[in-house]
Asker: 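Here it is, the structure in full.
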Amino acid sequence: MRTQVVIVGSGPSGLLLGQLLANAGIDNIILDRVDRDYILGRIRAGVLEVGAVDLLDRAGCGERMHKEGLVHDGFELSFLGRRQRIDLKGLTGTSVMVYGQTEVTRDLMDHRAATGSKTIYDAANVTPHDFDSASPYVTYEQDGVTHRIDCDYIAGCDGFHGVCRASVEGKGLRTFEKVYPFGWLGLLADVPPVHHELIYANHARGFALCSQRSHTRSRYYVQVPLTDKVEDWSDDAFWDEIRRRLPQDVAEAMVTGPSIEKSIAPLRSFVAEPLRFGRLFLVGDAGHIVPPTGAKGLNLAASDVHYLFEGLREYYAERKAAGLDAYSSRALSRIWKAERFSWSMTMLLHRFPEDGDFGSRVQEAELDYLSSSQAAQTAMAENYVGLPY
Ligand code: RFL
Ligand code: PHB
């Protein structure tokens with residue numbers, strides 16, 4: 001087989017890149033080690049920046065998002081029983097779109113199926129080869145048979161545990177990492193959201209977040225120790241805990257119900273440098289991870305896709321490599337700013353037992369300052385809605 005671009009990974013990065021390339025007449029094949037239903041079963045991000053919304057529109061996949069997504073003009077911070085709204089629209093002129101990653105992925109998969117581009121699911125032992133040369137190729141196994149796809153470029157959109165970053169270890173890859181001493185326990189339920197906007201809560205018992213997927217589906221999170229197992233948490237225990245971490249009026253208004261999904265995600269900051277190795281590019285979670293506090297994971301994947309797509313489009317349309325040559329530095333410049341923001345929001349809102357009462361007082365002082373300073377609120381809002389591409 002031969003194609004122009006092999007995309008490893010059928011998550012949001014791979015699917016979005018594939019759709020933009022297909023629309024530009026650039027042939028591509030997506031390979032994933034699991035199947036479509038498995039990918040759609042993963043409950044992840046919920047907030048899209050305007051840049052990601054624009055890119056989905058450009059890919060021709062934004063129609064359902066504009067119908068069903070919820071435009072949010074602000075969010076709230078809760079601390080010491082107080083509530084402080086961050087007026088995103090008022091401070092920056094921009095809003096965010098609440099529309100789940102599952103739905104983004106479903107829309108992209110449906111469009112890909114309609115445009116007839118090839119996706120190979122359940123591909124085992126996917127391996128990139130010879131990306132240092134002018135003739136790279138990718139092999140994979142299916143039903144005991146090894147297949148080979150020759151290509152011009154390989155896009156590593158295969159997430160944090162994928163094969164693409166692993167295949168460049170020892171080839172000049174440098175990594176930067178911070179692991180946080182806790183995780184988020186998330187619960188999805190068909191109950192109306194407790195508030196029309198998101199609430200991020202700093203509480204002595206730990207962080208909590210009230211998010212949503214629609215007017216009838218809510219997504220809630222609480223900070224838990226890394227030693228906790230999801231089986232330790234009954235639905236009732238979750239609802240009791242999140243209510244304890246919210247202001248009284250919010251806790252009293254909360255509608256509870258049986259969970260549809262419950263899982264624990266560890267929190268990590270991670271960046272790989274560079275993001276290009278010859279004809280192999282790292283994109284999205286394959287190249288970087290942020291803790292979910294700033295809602296940046298999926299949005300950074302989208303900006304990487306934008307930079308790489310522009311480089312590939314320019315290469316195929318004009319035979320110029322400037323955009324591809326600039327991919328790693330352009331993407332990393334935006335990634336590090338989102339890493340900084342996600343880290344700072346994580347540090348501001350979570351309980352760090354080892355930092356003791358001093359750490360809590362510093363957080364309270366910063367939250368109090370945020371409440372009284374429009375400059376501080378504007379800086380937070382500007383980062384939350386997303387820095388320009
Ligand atoms: P994905 O979504 O991980 O997709 C990668 C795809 O690659 C496939 N793959 C392979 N295919 C072939 N061969 C291999 N060897 C392969 N290894 C992996 C996988 O099957 C998969 O289909 O990466 P992508 O596309 O870069 O998208 C990034 C986003 O998914 C990610 O940034 C966010 O979901 C991060 N994230 C969250 N972000 C938020 O903004 N808010 C959240 O609430 C939030 N929650 C989360 C998250 C990430 C999580 N992970 C990675 C465990 C919760 C979790 C649990
Ligand atoms: C979510 O809805 O899953 C979500 C929203 C905001 C975040 C993280 C996760 O910061």
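For ligands, and for the atoms within them, numbers begin at 1 and follow the listed sequence. What you see below is based on every heavy atom in this structure, not just the backbone, and it leaves out hydrogens, waters and symmetry mates. Residues: numbered from 1 along the sequence shown. All of these numbers come straight from a predicted model, not from anything done at the bench.
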Asker: Identify the protein heavy atom lying closest to atom 8 (C) of ligand 2, giving its residue, its atom name and the separation to 0.1 Å.
Answerer: P292 O, 3.3 Å
Asker: Should E76 and V250 count as side-chain neighbours, where that means a heavy-atom distance under 4.5 Å?
Answerer: no
Asker: To which of G284, A338, C157, G9 does the heavy atom nearest atom 5 (C) of ligand 1 belong?
Answerer: C157
Asker: Hey, which atoms in ligand 2 end up nearer than 4.0 Å to a heavy atom of V47?
Answerer: 5 (C), 6 (C)
Asker: Enumerate the atoms of ligand 1 whose separation from the nearest heavy atom of G162 is less than 4.0 angstrom.
Answerer: 17 (N)
Asker: For atom 47 (C) of ligand 1, state which one of R36, R44, K296 supplies the nearest heavy atom.
Answerer: R44
Asker: Given that the side chain starts at C-beta and the backbone is N, CA, C, O, which of these parts of D32 lies under 4.0 Å from ligand 1, counting heavy atoms, or is it both or neither?
Answerer: both
Asker: Verify whether one side chain among E339 and H288 offers a donor that lies under 3.5 Å from an acceptor in the other.
Answerer: no
Asker: At less than 4.0 angstrom from any non-hydrogen atom of A295, what atoms of ligand 1 do you find?
Answerer: 40 (O)
Asker: What part of V8, side chain from CB on, backbone N/CA/C/O, both or neither, has a heavy atom under 4.0 Å from ligand 1?
Answerer: side chain
Asker: Please work out whether any backbone atom (N, CA, C, O) or any side-chain heavy atom from C-beta onward of T293 is under 4.0 Å from ligand 2, and answer side chain, backbone, both or neither.
Answerer: backbone
Asker: Hey, would you say the H350 and F182 ring centroids sit under 6.0 Å apart?
Answerer: yes
Asker: If the cut-off is 4.0 Å to any non-hydrogen atom of R42, which atoms of ligand 1 fall inside it?
Answerer: 19 (C), 20 (O), 21 (C), 22 (O)
Asker: Tell me the protein heavy atom at minimum distance from atom 3 (O) of ligand 2, and give that distance in Å.
Answerer: Y221 OH, 2.6 Å
Asker: Report the part of W184 (side chain from C-beta onward, or backbone N, CA, C, O) that has a heavy atom under 4.0 Å from ligand 2; answer both or neither where that applies.
Answerer: side chain
Asker: Specify the protein heavy atom at minimum distance from atom 6 (C) of ligand 2: its residue, its atom name, and the distance to 0.1 Å.
Answerer: Y200 OH, 3.3 Å
Asker: Within the 4.0 Å heavy-atom shell around G159, which atoms of ligand 1 are there?
Answerer: 3 (O), 5 (C), 23 (O)
Asker: Using a 4.0 Å cutoff against the non-hydrogen atoms of L198, which atoms of ligand 2 qualify?
Answerer: 5 (C), 6 (C)
Asker: Nearest to atom 5 (C) of ligand 2, what protein heavy atom do you find, and at what distance?
Answerer: S211 OG, 3.5 Å
